Number of protein chains: 2
Amino acid sequence: MQMQPILVPRRLYQAPPPPIARQVETDEIRLIGVTMHVSRDQEVFGEGEPADQVYKVVRGAVRGFRVLSDGRRQICDFYLPGDVFGIEPSDEHRITAEALTDTVLVVARRSALGDESDGAASRRLWALAMNELRRSQDHALTLGRRSASERVANFLVDMAERLGGGENLELPMSRQDIADYLGLTIETVSRTLTQLQVSGMIKMAGCRSIHLRKPRALTELCA
Amino acid sequence: MQMQPILVPRRLYQAPPPPIARQVETDEIRLIGVTMHVSRDQEVFGEGEPADQVYKVVRGAVRGFRVLSDGRRQICDFYLPGDVFGIEPSDEHRITAEALTDTVLVVARRSALGDESDGAASRRLWALAMNELRRSQDHALTLGRRSASERVANFLVDMAERLGGGENLELPMSRQDIADYLGLTIETVSRTLTQLQVSGMIKMAGCRSIHLRKPRALTELCA
DNA sequence: GTTTCGCCTTGATCTTTATCAACCGGACCG
DNA sequence: CGGTCCGGTTGATAAAGATCAAGGCGAAAC
């Protein structure tokens, strides 16, 4: 058994590329649609419902998840302000979407985004779908091969970047949501965050307000 | 409570030697491109290379995977005869593709599949991309929330269906590949298969030839 | 035919994470 | 002001799976 100290990575972690697709969303995608208010824990759409609409988060946040027959839940992704969700591989939703907090969405028919006769719109839809694919593949890598502390570090760095608040983040989700996203239990998430705080990498001010004190070290922890 | 040191994994991914000259020949069948022969463990494309081509498996099989900086490997998917791969979220490959066995592929430029001016081709490309997304999401659910035996059962049922040999399957991949696909170790995969055999659900004849004796029970095990 | 090598299996033990349980602290309420 | 509710934290213990180690088997090499 060889327990080794933290190694200097051979190849320094490269920050993920700028969120092209989200820029596309923010800058180019103006959904023509209806504004919709969803309160905390309310369902936006459920598994099995027809997937003919897309949603853009204006304010608040959403979790998209799947549930095994015995109740185990896996959150596929969180959707934050600016994100578009609801694009799915079939004409029926395979995931369920629920608001994390009181949330404002814009809803449009999917055809409003990806008409074949409109090259630009079609490219936008493609970019959104490919962004989903990229994130799902990243997620699978995390779930298959990263340790609990690597998962949590990854999560914090990703959220900090996506929420855009620099090194301060206000998490819109509970510990249980984080656990179900990272494939861990709520206790492991809690303990790992405590460890990160003890090691000086983060500082928690209330359980949803987290300051990244050593973003570089955290990034290296991501593996 | 203290930060735990990082455990350096025992098995690290080593890139195979550079490919020798590929034998390429034109394809007289109606498939859209050039036929390409790739021998076992040879790379089809690597991370960072331009992703402007798509590949269809004619014979053999391919693994698509990503590697963490310290060598941990996660196989995203296996591609079997009839499958199309190489569609990626950006114009650079994020995954590496290697032949599992001696493999025959047909290669085409991606534009040959998804020209915007061609509605049918565009829909085909969309369907392929959405299939990737669906499989990636299923994979994330498995990696995040299923136990080792559920993962292996899932894998067997999925492979049996995709390989099309009814309840008899000839696996084209090693135990290590299965382990890296399922987020487990080779030992756990081996033990789990043995357990399934002891419980009468499968019968192994040589380690790559598996007969599903109780497909229904296996399916229920999938969760 | 025998040796060798790579892959697989099995056993023993260890580590990580899950589970079970208790407690904490802020928000809301009587 | 005290009670209760709810999410979060912490502690003790258990379980699943990883790691370390040894041996087996079959295909290719000698």
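Computed from a predicted model, the values in this text were never measured in an experiment. Just so we're on the same page: letters track the sequence lines, and every chain starts at 1. Hydrogens, waters and symmetry mates play no part in the numbers below; they use all other heavy atoms, side chains included.
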Q) Can you give one letter per nucleotide of nucleotides 3-9 of chain C, going 5' to 3': B for a protein heavy atom under 4.0 Å from the base, S for sugar-phosphate only, - for none? A) ----SSB
Compile the donor-acceptor pairs under 3.5 Å between side chains in residues 180-187 of chain A and protein atoms, sequence neighbours left out, one pair per line.
from, atom 1, to, atom 2, distance (Å)
A:D180, OD1, A:Q176, NE2, 3.2
A:D180, OD1, B:R145, NH2, 2.8
A:D180, OD2, A:R73, NE, 2.6
A:D180, OD2, A:R73, NH2, 2.9
A:T185, OG1, A:T188, N, 3.3
A:T185, OG1, A:T188, OG1, 3.1

Check the distance between [N]'s [atom2] and [X]'s [atom1] and give it to me in whole angstrom.
{"X": "A:L196", "N": "D:dT9", "atom1": "CG", "atom2": "P", "answer": "12 Å"}
{"X": "A:L184", "N": "D:dG8", "atom1": "CG", "atom2": "C1'", "answer": "16 Å"}
{"X": "B:D180", "N": "D:dA18", "atom1": "CG", "atom2": "P", "answer": "11 Å"}
{"X": "B:L182", "N": "D:dA18", "atom1": "CG", "atom2": "P", "answer": "11 Å"}
{"X": "A:I210", "N": "D:dT9", "atom1": "CD1", "atom2": "P", "answer": "9 Å"}
{"X": "A:R72", "N": "D:dA16", "atom1": "CZ", "atom2": "P", "answer": "12 Å"}

Q | For A:Y79, all residues meeting ring-ring contact (aromatic ring centres under 6.0 Å, His included), sequence neighbours excluded | A |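 Here the qualifying residues are A:F85.
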(Q) Going by the rule side chain to side chain donor-acceptor pair (under 3.5 Å), which residues pair with A:T103 if we only count those two or more places apart in sequence or in a different chain? (A)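 None.
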**Q.** Contacts of B:E167 that satisfy side chain to side chain donor-acceptor pair (under 3.5 Å) - sequence neighbours left out
**A.**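 Not a single residue meets the side chain to side chain donor-acceptor pair (under 3.5 Å) criterion with B:E167.
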Q) Got a sec, which pairs hit ring pair (Phe, Tyr, Trp, His ring centres under 6.0 Å) with one end in residues 197-223 of chain A, sequence neighbours left out? A)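 Non-adjacent pairs meeting ring pair (Phe, Tyr, Trp, His ring centres under 6.0 Å): zero.
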Q | Short side-chain donor-acceptor distance under 3.5 Å, A:H93 and A:E49 | A |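 Distance-only check fails for A:E49 and A:H93.
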Q. Any side-chain N or O of A:T185 less than 4.0 Å from the OP1 or OP2 oxygen of C:dA18?
A.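 For C:dA18, OP1 or OP2 has a side-chain N or O of A:T185 closer than 4.0 Å.
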